[in-house]
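Heads up, the thing below is written out as structure tokens.
Being a predicted model, the structure only gives us computed values, none of them experimental.
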Amino acid sequence: MNKTAIIVIGAVLAVAVGAVVIWLVVSSIRPVEDMSADQNGIVQQEDTPSNEVPLDPDAATPAEEAQQAATVTIANSTFTPAQLTVKKGTTVTWTNRDSMGHNVVSDEDAPEGGPPKESELFGQGEAFSFTFDTVGTFPYHCTPHPFMQGTVEVVE
Ligand code: CO
């Protein structure tokens with residue numbers, strides 16, 4: 001009877017350990033699954049990292065043209081660069097390099113003309129773009145991570 005109990009307990013433990021191992025493996029590949037799952041979100045363009053850079057690196061454009069697009073990278077829950085100055089009409093693209101979802105929303109007291117004040121999260125490898133057509137200073141943050149803060153200053 002005792003032997004049977006030990007065998008049963010051993011079998012239960014083996015199944016439990018196996019389940020944990022499977023769970024760890026599934027967890028480790030989760031970011032890839034999230035990427036495809038998030039593609040139905042609000043991301044407006046650039047589903048893959050390969051075509052995220054809006055500037056043609058071969059085009060030696062004058063400063064004016066170079067200012068028409070700008071990028072901010074999100075990594076380690078940080079916007080880089082956090083302070084960005086662009087010309088009016090510039091499209092800024094935020095690309096998420098973290099495995100967790102982030103968003104880009106204007107601060108509550110930000111002036112009109114910046115990003116929306118509500119936005120869905122976008123996942124790893126995905127991007128969010130906004131075109132700044134209004135001169136001003138536009139502070140923004142990430143809804144689930146209020147410590148993530150950045151500012152876009154738009155000049156003529
Ligand atoms: Co965030």
Side-chain angles (χ1 to χ4, degrees), residues 17-156:
V17 168
V20 168
V21 168
I22 290 170
W23 178 79
L24 286 174
V25 169
V26 170
S27 296
S28 69
I29 60 173
R30 203 53 170 292
V32 175
E33 292 174 351
D34 285 347
M35 260 177 64
S36 55
D38 286 345
Q39 285 177 355
N40 293 326
I42 50 119
V43 175
Q44 296 175 350
Q45 58 183 24
E46 284 111 19
D47 288 333
T48 62
S50 60
N51 60 0
E52 104 214 7
V53 180
L55 283 179
D56 178 2
D58 295 327
T61 56
E64 284 183 8
E65 286 187 41
Q67 286 292 343
Q68 290 177 358
T71 58
V72 175
T73 298
I74 302 172
N76 299 317
S77 296
T78 303
F79 296 113
T80 303
Q83 311 284 330
L84 182 65
T85 300
V86 300
K87 284 196 172 184
K88 190 170 109 177
T90 297
T91 297
V92 178
T93 298
W94 288 262
T95 301
N96 186 2
R97 297 296 182 206
D98 282 343
S99 57
M100 74 179 79
H102 296 293
N103 66 4
V104 173
V105 297
S106 282
D107 288 1
E108 200 55 49
D109 57 353
E112 294 298 317
K117 295 190 175 177
E118 288 183 19
S119 175
E120 294 179 34
L121 302 179
F122 54 101
Q124 187 174 44
E126 297 182 329
F128 168 79
S129 292
F130 183 82
T131 299
F132 289 85
D133 290 322
T134 306
V135 170
T137 300
F138 302 97
Y140 64 87
H141 64 278
C142 172
T143 304
H145 315 110
F147 59 89
M148 293 177 61
Q149 298 177 348
T151 302
V152 175
E153 182 182 9
V154 182
V155 298
E156 286 288 352

Legend entry - Over all atoms of both residues, closest heavy-atom pair of T137 and P139: O-CD, 3.4 Å
Inset, instruction - Determine the minimum heavy-atom distance between S106 and P115, stating which atoms define it. - result: OG-O, 2.5 Å
Legend entry - Verdict with reasoning, F130 to V104, per side-chain contact (heavy atoms from CB on, under 4.5 Å): CA-CA 9 Å; F130 183 82; V104 173; over 6 Å; no
Inset, instruction - Look only at the side chain of N96 and the backbone of D98, and say whether a donor-acceptor pair between them is shorter than 3.5 Å. - result: yes
Inset, instruction - Would you indicate whether the side-chain heavy atoms of F79 and L84 approach each other to under 4.5 Å? - result: no
Inset, instruction - Measure across F128 and P116 and return the closest heavy-atom pair with its distance rounded to 0.1 Å. - result: CZ-CD, 4.2 Å
Inset, instruction - Identify the heavy atoms of A110 and K117 that sit nearest to each other, and give their distance. - result: O-NZ, 3.4 Å
Inset, instruction - Determine yes or no for a side-chain-to-main-chain donor-acceptor pair under 3.5 angstrom, with K87 supplying the side chain and Q68 the backbone. - result: no
Inset, instruction - Please report the closest heavy-atom contact between T93 and A127, naming both atoms and the distance. - result: CG2-CB, 3.8 Å
Inset, instruction - Please lay out, stage by stage, how V72 and W94 fare under the test side-chain contact (heavy atoms from CB on, under 4.5 Å). - result: CA-CA 5 Å; V72 175; W94 288 262; 3.4 Å; yes
Inset, instruction - Please examine the side chains of T134 and E112, heavy atoms only from C-beta on, and report whether any two atoms are closer than 4.5 Å. - result: no
Inset, instruction - Specify the closest pair of heavy atoms between R97 and A75, including all atoms of both residues, with the distance to one decimal. - result: CB-CB, 4.2 Å
Legend entry - Note, T95 side chain near T71 side chain (heavy atom, < 4.5 Å): no
Legend entry - Separation of T151 OG1 from F138 CZ (nearest 0.5 Å): 11.0 Å
Inset, instruction - Verify, without hydrogens or angle tests, whether N103 (side chain) and C142 (backbone) share a donor-acceptor contact under 3.5 angstrom. - result: no
Legend entry - Euclidean distance, D133 CG relative to T90 OG1, rounded to 0.5 Å: 9.0 Å
Inset, instruction - Calculate, to the nearest 0.5 Å, the distance between atoms CE and CD1 belonging to M100 and I74 respectively. - result: 11.0 Å
Legend entry - Pairs where residues 142-156 contributes a residue and the test salt bridge (charged side-chain N to carboxylate O under 4.0 Å, His left out) is met, not counting sequence neighbours: K88-E156
